[in-house]
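No hydrogens, no waters, no symmetry mates; every other heavy atom, side chains included, goes into these values. All values reported here derive from a predicted model rather than from experimental measurement. Residues take their numbers from the sequence shown, with the count starting at 1.
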Amino acid sequence: MVALAVAGLALIPALIATVGPRDWADIAVAQAIGGFCGVITGYGWGLAGPAYVARADPRTRALRYAESLRGRALVGIVMLPVGAVVLSLVIDRVALVPILALLTTAAVALSPAWFYVGVARPWTLIVIDTIPRVMGTALGILLLHLGLPTGFAFVSQLTGIGVGLVVATLTIRRQAGGARISVSWPRTLSVLRDQSHGMVAAGASASFAALPVILVGLIAPAALPVYAVFDKVQRQFASAVSPVVQMSQGYVARAAPADRAKAVRRVTLVTGVLSLSGMALFAVIGGWFLHLLVAQTITFTLVEVGILGVALGLILFEQVFGHAVLATAGRMKPLAAATSVGAVVGLLLVSLGAASSGALVALVGFEVGLGVTIVLEVVTDARAERTARRPRNAAHDVELTN
């Protein structure tokens, strides 16, 4: 988590120093669109995947991984050209570097992280997936400092992702006995159909994350460099805490049915404490951090720093609750509904805020939408738990009467 966060954040000032704030804003838009394409390509496997392999035997795990990989590759072939077209329309030009940035961000969807979370092998995840990605990013930063073209940095990142993917695939197949695991195309399509609810939930969340910076770029281009910084910090934070989200998901998924409620309470309490602590910490060091991040090219007020800190806390809580509580209980439809409603509300407020007041009010609109999503998720889970307990309570009352 720390390694990926540091590597990703270190790349930002290197890019800004190389291409300038305005061109970097185009790269940030490309990465936002790439993140959306990546979530659609991932097709909900980050939500449902860990539970599929948590208690399976090695061969079944390998089969689930092969199904996932082929399905994600099929969706990615469709999504990436669409993302490139959207990017060209938003930035009003066709440019190689932003397209490479889009492709690099989307390629993270092929990461085997969900598999190793499900089987509770964090050190394997670090060695196979994290280290190659960090090394690819570090090499990209070095290439920028050496004066090489910006595109080489993204090619380096892609290489790191590719190395992790190849090693993970070979390792998982070897652990399954070395036999070739084949998945037919009809089976692939069937898996994608079964995964559709998870994809809708993940896609709605990704839309909410990707569209604000795109809307700001279209509605208020002058505010884009500042909002792009807000957006990038949120994205890097969401990526950095993904192991926390996935570990919480695996913890709840592996809990025995009788212990599930206790596991949910623990995860919710710990996440709440972490979110509040993070908000307070960012309020103290956020100004210094942002100043360093943008290579001292943009200044931020204390209000902007505080509001961004609140956004980071809300992102952490929403991701953990949605993944670890609703997704592990199979409540994909309610999760999709909550994220969709929150996204619609948030995007409307982001558009109004960008048009009327600029980047800061647009960020507040994003946070309101995220808050709506959290409230709907918590209410949905509470209602579902009450409904699930009602038959048991009724049966107990009949037994006492008899």
Minimum heavy-atom separation for Asp129 and Ala113, please, with both atom names. OD2-CB, 4.4 Å
Rounded to the nearest 0.5 Å, how far does OG of Ser351 lie from CD1 of Ile214? 11.0 Å
Closest non-hydrogen atom pair between Ala338 and Thr373, with its separation: O-OG1, 3.5 Å
Can you pull the side chain to side chain donor-acceptor pair (under 3.5 Å) pairs that have at least one residue in residues 261-287, sequence neighbours excluded? Tyr251-Arg266
Between the main-chain N or O of Val53 and the side-chain N or O of Arg61, is there a donor-acceptor pair closer than 3.5 Å? yes
Output, in order, the C-alpha distance, side-chain angles, deciding distance and verdict of side-chain contact (heavy atoms from CB on, under 4.5 Å) for Met247 and Val117. CA-CA 6 Å; Met247 284 188 292; Val117 167; 5.6 Å; no
Here the ring-ring contact (aromatic ring centres under 6.0 Å, His included) pairs for residues 330-360, sequence neighbours left out, are none
Working to the nearest 0.5 angstrom, can you tell me the gap between Leu314 CG and Gln234 CD? 10.0 Å
Could you tell me whether the side chain of Thr169 reaches within less than 4.5 Å of the side chain of Tyr65, counting heavy atoms only? yes
Side-chain heavy-atom pair Asp231, Val29 within 4.5 angstrom cut-off: no
Which pair of non-hydrogen atoms, one from Pro112 and one from Gly164, has the smallest distance, and what is that distance? CG-O, 4.5 Å
Is there a donor-acceptor pair under 3.5 Å between the side chain of Arg72 and the backbone N or O of Ser111? yes
Is there a side-chain contact between Glu377 and Thr339, using heavy atoms and a 4.5 Å cut-off? yes
Considering all heavy atoms of both residues, which atom of Pro81 and which atom of Gly76 are nearest to each other, and what is their separation? CD-O, 4.3 Å
Measure the CG-CD1 distance between Leu312 and Ile307 for me, rounded to the nearest 0.5 Å. 12.0 Å
How close do Pro212 and Leu347 get, heavy atom to heavy atom, and via which atoms? CD-CD2, 3.6 Å
Going from CZ on Phe154 to CG on Leu102, what distance comes out if it is rounded to the nearest 0.5 angstrom? 10.5 Å
For the residue pair Glu304 and Leu290, establish whether any side-chain heavy-atom pair is separated by less than 4.5 Å. no
Start with the C-alpha gap between Val134 and Val6, add the side-chain angles, then the distance that decides, and say whether side-chain contact (heavy atoms from CB on, under 4.5 Å) holds. CA-CA 9 Å; Val134 170; Val6 171; over 6 Å; no
If you define the side chain from C-beta out and look only at heavy atoms, does anything of Ile128 sit under 4.5 Å from Tyr116? yes
Distance, nearest 0.5 Å, that separates CG of Leu218 from CG of Leu211: 9.5 Å
Quick one: are Ser248 and Phe321 in side-chain contact, heavy atoms under 4.5 Å? no
Ser357 side chain to Gly353 backbone, donor-acceptor under 3.5 Å: no
Heavy-atom pair with the smallest gap, counting every atom of Thr105 and Gly35: CG2-N, 3.5 Å
For the backbone of Gly287 and the side chain of His291, can you confirm whether one donor and one acceptor N or O come within less than 3.5 Å of each other? no
Drop me the distance from Leu11's CG to Ile141's CD1, to the nearest 0.5 angstrom. 5.0 Å
Run the numbers on Leu80 and Leu103 for side-chain contact (heavy atoms from CB on, under 4.5 Å), then give the verdict. CA-CA 7 Å; Leu80 290 177; Leu103 179 61; 3.6 Å; yes
Show your reasoning for whether side-chain contact (heavy atoms from CB on, under 4.5 Å) applies to Leu69 and Leu165. CA-CA 10 Å; Leu69 192 58; Leu165 175 62; 3.7 Å; yes
Using a 4.5 Å cut-off on heavy atoms from C-beta on, say whether the side chain of Val252 contacts that of Val325. no
Is the closest side-chain heavy-atom distance between Ile12 and Val294 below 4.5 Å? no
Which residue pairs satisfy the side chain to side chain donor-acceptor pair (under 3.5 Å) criterion with at least one member in residues 18-32, sequence neighbours excluded? Arg22-Asp26, Asp26-Arg93, Gln31-Lys232
Check side-chain hydrogen bond (donor to acceptor under 3.5 Å, both in side chains) between Thr60 and all other residues, then give those that pass, not counting sequence neighbours. Asp57
Looking at Phe289, I want to see if its CZ is surrounded by more than 12 non-hydrogen atoms of other residues, nucleotides or ligands under 6.0 Å. yes
Going by the rule ring-ring contact (aromatic ring centres under 6.0 Å, His included), which residues pair with Phe366 if we only count those two or more places apart in sequence or in a different chain? Phe208
Among residues two or more places apart or on two chains, list those pairs meeting side chain to side chain donor-acceptor pair (under 3.5 Å) that have a residue in residues 142-165. Thr137-Gln157
Classify the angle between the aromatic ring planes of Phe300 and Phe230 as parallel (below 30°), tilted (30 to 60°) or perpendicular (above 60°). tilted
Would Arg64 and Ser68 satisfy side-chain hydrogen bond (donor to acceptor under 3.5 Å, both in side chains), going step by step from the backbone distance to the final call? CA-CA 6 Å; Arg64 293 289 176 265; Ser68 164; over 6 Å; no
